[in-house]
Peer 1: 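Take a look at this one; I'll ask things after.
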There are 2 protein chains.
Amino acid sequence: MASEIKSDKVNMKALAKVLNVSIATVSKALRDSHDIGPETKLRVIEEARKLNYVPNPYASSLRKKASNTIAIIIPEIADSFFSQAINGIESVVAIKKYHTLIYLTHDSYEREAYMFGELASGRVDGVIMSVASNTEDTKHIKTLQDSGIPIVFFDRVFDDIKSVKITTDDFNSAYTATNHLLDAGCKNISLITIKGYPSILSAREEGYQQALAEKGIHPRESSVVTCSNKYNNENVEVIKEHLAKVKPDGIIATVEHLATSTYLACDEMKLNIPKDVKVACFTNQITAPILNPPLTTILQPAYDMGKQAAQLLFDHLSGRYVETNKEIVLPSKLVVRASTAFN
Amino acid sequence: MASEIKSDKVNMKALAKVLNVSIATVSKALRDSHDIGPETKLRVIEEARKLNYVPNPYASSLRKKASNTIAIIIPEIADSFFSQAINGIESVVAIKKYHTLIYLTHDSYEREAYMFGELASGRVDGVIMSVASNTEDTKHIKTLQDSGIPIVFFDRVFDDIKSVKITTDDFNSAYTATNHLLDAGCKNISLITIKGYPSILSAREEGYQQALAEKGIHPRESSVVTCSNKYNNENVEVIKEHLAKVKPDGIIATVEHLATSTYLACDEMKLNIPKDVKVACFTNQITAPILNPPLTTILQPAYDMGKQAAQLLFDHLSGRYVETNKEIVLPSKLVVRASTAFN
DNA sequence: CTAATTTAGTTAAACGTTTAAGCAAATAAA
DNA sequence: TTTATTTGCTTAAACGTTTAACTAAATTAG
């Protein structure tokens, strides 16, 4: 019964009263100020523990004008890349004893812009983000930056925004993957991608084009297939159609969920991977080695990207100097498996 | 240049001044109070928009004693189940224009308890959680509940906590899956699981035992393999050892990442799935149909669980009556694929 | 021994909202 | 016409911290 009485929230005032000191003394004692004598400090800390005192974060944030909170803004959370990146971010945030707000844009510019509005006025001290694929206008981002909130971008970044950016070498890994397919004997490689503005996509496409160009191959425009960025059956149909029409002998898929769509499409078209068509995909899924056949992947350092993004953000927050336009490029790794085996 | 001058934060005071009204008028106008005349309201709203005014959330929270924020506390984010659940939660939170703090316990009781401490004093209005697998003591949870913050549990719940809970029918789905394996001709089925206290694990094990018992099979204790809850190579070794020693002809894996470990172990032991051993796993991974062989899964309604959890939490927050001990059980679905094909 | 400094506190203002209470003018009721 | 009510606004307190400025007592310096 007693435990059901919603006990009055214990705050500094209550603590001060029972300890017979001023509120300021309590506050300072808890923050280990030099102003307070050692035995008073102890008394305060003891009592605070005893009464289970937890400072009100919002009062504190309001007064200090610091929230000890950051925001992660990402398109979605349904794939391994972002999951791992979040883990990397969290590994740093947890140590700093910060809090993490998470926002999903679902790749919509409107939502992204709305969320940025919400973050003004000090809700967070900093932002880590990967932009929505249909974001073209960057005014909302610049506005928040101008208000003094540091933003670190990872993976999906914008060229025309001046900020700290963590990316992988998308151009190079697409280039390497394409060459790998060429070496495996492919003559007619298609790129399966999604439409969107972040430079990550164009970089991957350019790496692909460059590798082909160097071999004197000029891919028809029809070799690039644009899918929807939702995981759905429609993509399987689009890919099947492409397989029927263009008859590629190699495929590079630029985002994670396209691996499943591509495999299903090949299966339905009775095409054998890797005999009829070889497949490589940008993905971090742990099931890659147990797929049928095991999938050659371009593995991004998702965890490290998140971790470094968070570290740089905290460097900035702690006043340490961070070059405002720093760009860190972490290497992706081509993990060769059976899906691109030489016939 | 001009844009680089960090303009003073516009607050109600500033708005009031330029509009030549009191701060209270601004506040009420923006909250559409009946106290304010229509044309004044319009003036205020216009000016607020013009100056890009965003209310300080912490001042507001402090005064209103409501944060418009919830917390999601989950063990990890590295698998599809929790990713999808988060999406479900987010789908509701976004509509309510709430904010979401996310905390990862990494299945550690200590972290979980620490995080609960942080949530006292009004940081959040409510919590949605899935408990850490090594949490045994539930005092931290009860303390937060007693302080009046509603907590909705999903998936990994505790029997001895009185609260709203969303689960799947773990007992039944394990029971069904086991019977499915029996029907496929298995005589010696092993359960690969992780150690932990949440009832979800014991329910799955009991469903498995029950199915066997009904067929007059009394599994040796050695038929239950306990793995670590980290995705690592060690688990593959543990499973290989088990395969060598017990030689099961059927396997049920109780958590997502054990699918990969099991497939790899079978592969290394040169065991063919499904010929030598049939495998079914509790998992939501989209790659299940393209595995080698396609994996029979017990698919949990992760998105819906998250969505319902959030809806019930908001029902509670909006004062609508919610049975304090409501338990919602959503059905999982056995999706039969080649990994359990009859020989 | 007095003056300067240090120690250990206190008081009160401030952070940016919300809201109860109050009030004058306008309108409605008696 | 007088009184009651409504309208539209203002004043001021409150939410729970943090911190600048102050003070009295104790210590140190000269």
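Computation of the quantities below employed the complete heavy-atom set of this structure, encompassing side-chain atoms and omitting hydrogens, waters and symmetry-equivalent molecules. First the proteins, then the strands, lettered A, B, ... as listed; each starts at 1.
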Peer 1: With sequence neighbours excluded, what pairs up with A:D107 under the salt bridge (charged side-chain N to carboxylate O under 4.0 Å, His left out) test?
Peer 2: A:R156
Peer 1: When you check the phosphate oxygens OP1 and OP2 of C:dT19, does a side-chain N or O of B:R31 lie under 4.0 Å from one of them?
Peer 2: yes
Peer 1: Quick one: side chain to side chain donor-acceptor pair (under 3.5 Å) partners of A:E90, sequence neighbours excluded?
Peer 2: B:H106
Peer 1: Of the options D:dT17, D:dC9, D:dG16, whose atoms approach the side-chain atoms of B:L62 most closely?
Peer 2: D:dG16
Peer 1: With a 4.0 Å cut-off on N to O distance, would you call B:E46 and B:R49 a salt bridge?
Peer 2: yes
Peer 1: Which residue pairs pass the ring pair (Phe, Tyr, Trp, His ring centres under 6.0 Å) test with at least one member in residues 23-45 of chain A, sequence neighbours excluded?
Peer 2: none
Peer 1: With sequence neighbours excluded, tell me which residues meet side-chain contact (heavy atoms from CB on, under 4.5 Å) with A:K96.
Peer 2: A:V92, A:Y98, A:F314
Peer 1: Using a cut-off of under 3.5 Å, enumerate the N/O to N/O pairs linking the protein to nucleotides 12-14 of chain D.
Peer 2:
| from | atom 1 | to | atom 2 | distance (Å) |
| --- | --- | --- | --- | --- |
| D:dA14 | N3 | B:R63 | NH1 | 3.1 |

Peer 1: With a non-hydrogen cut-off below 4.0 angstrom, is B:T40 in contact with a base, only sugar-phosphate, or nothing?
Peer 2: sugar-phosphate
Peer 1: Tell me which residues in residues 44-59 of chain A put a heavy atom below 4.0 Å from DNA chain C, sorted by number, or none.
Peer 2: none
Peer 1: Using the closest heavy atom to pick a nucleotide of DNA chain D for each, name whichever of A:K64 or B:K41 lands nearer the 5' end.
Peer 2: B:K41
Peer 1: Please report, rounded to the nearest Å, how far the P atom of C:dT17 is from the CG atom of B:N68.
Peer 2: 15 Å
Peer 1: Separation of A:L42 atom CG from C:dA8 atom P, in whole Å?
Peer 2: 14 Å
Peer 1: Does D:dC9 have OP1 or OP2 sitting under 4.0 Å from an N or O in the side chain of B:T25?
Peer 2: no
Peer 1: Output all residues satisfying salt bridge (charged side-chain N to carboxylate O under 4.0 Å, His left out) with A:D315, sequence neighbours left out; order by chain, then residue number.
Peer 2: A:R320
Peer 1: Which sits closer to the 5' end of DNA chain D, A:D35 or B:D35, going by the nucleotide each is nearest to?
Peer 2: B:D35
Peer 1: Any residue in residues 14-22 of chain A with a heavy atom nearer than 4.0 angstrom to DNA chain D? Just list them by number, or reply none.
Peer 2: none
Peer 1: Checking B:K50 now: which residues fulfil salt bridge (charged side-chain N to carboxylate O under 4.0 Å, His left out) with it, not counting sequence neighbours?
Peer 2: B:E47
Peer 1: Can you pull out every salt bridge (Lys or Arg N to Asp or Glu O under 4.0 Å) where at least one residue sits in residues 111-131 of chain B? Sequence neighbours excluded, please.
Peer 2: none
Peer 1: Does A:N87 use its side chain to pair, donor to acceptor, with the backbone of A:S83 at less than 3.5 Å?
Peer 2: yes
Peer 1: Return the set of residues passing salt bridge (charged side-chain N to carboxylate O under 4.0 Å, His left out) with A:E110 (not counting sequence neighbours), or none when no residue passes.
Peer 2: none
Peer 1: Please report, rounded to the nearest Å, how far the P atom of D:dT7 is from the CD1 atom of B:I36.
Peer 2: 13 Å
Peer 1: Just to verify, what does A:I328 make a side-chain contact (heavy atoms from CB on, under 4.5 Å) with, not counting sequence neighbours?
Peer 2: A:I166, A:Q308, A:L312, A:K326, A:L330
Peer 1: Determine whether a donor-acceptor pair (one donor, one acceptor, N or O, separation below 3.5 Å) exists between the side chain of B:K65 and the base of C:dT17.
Peer 2: no
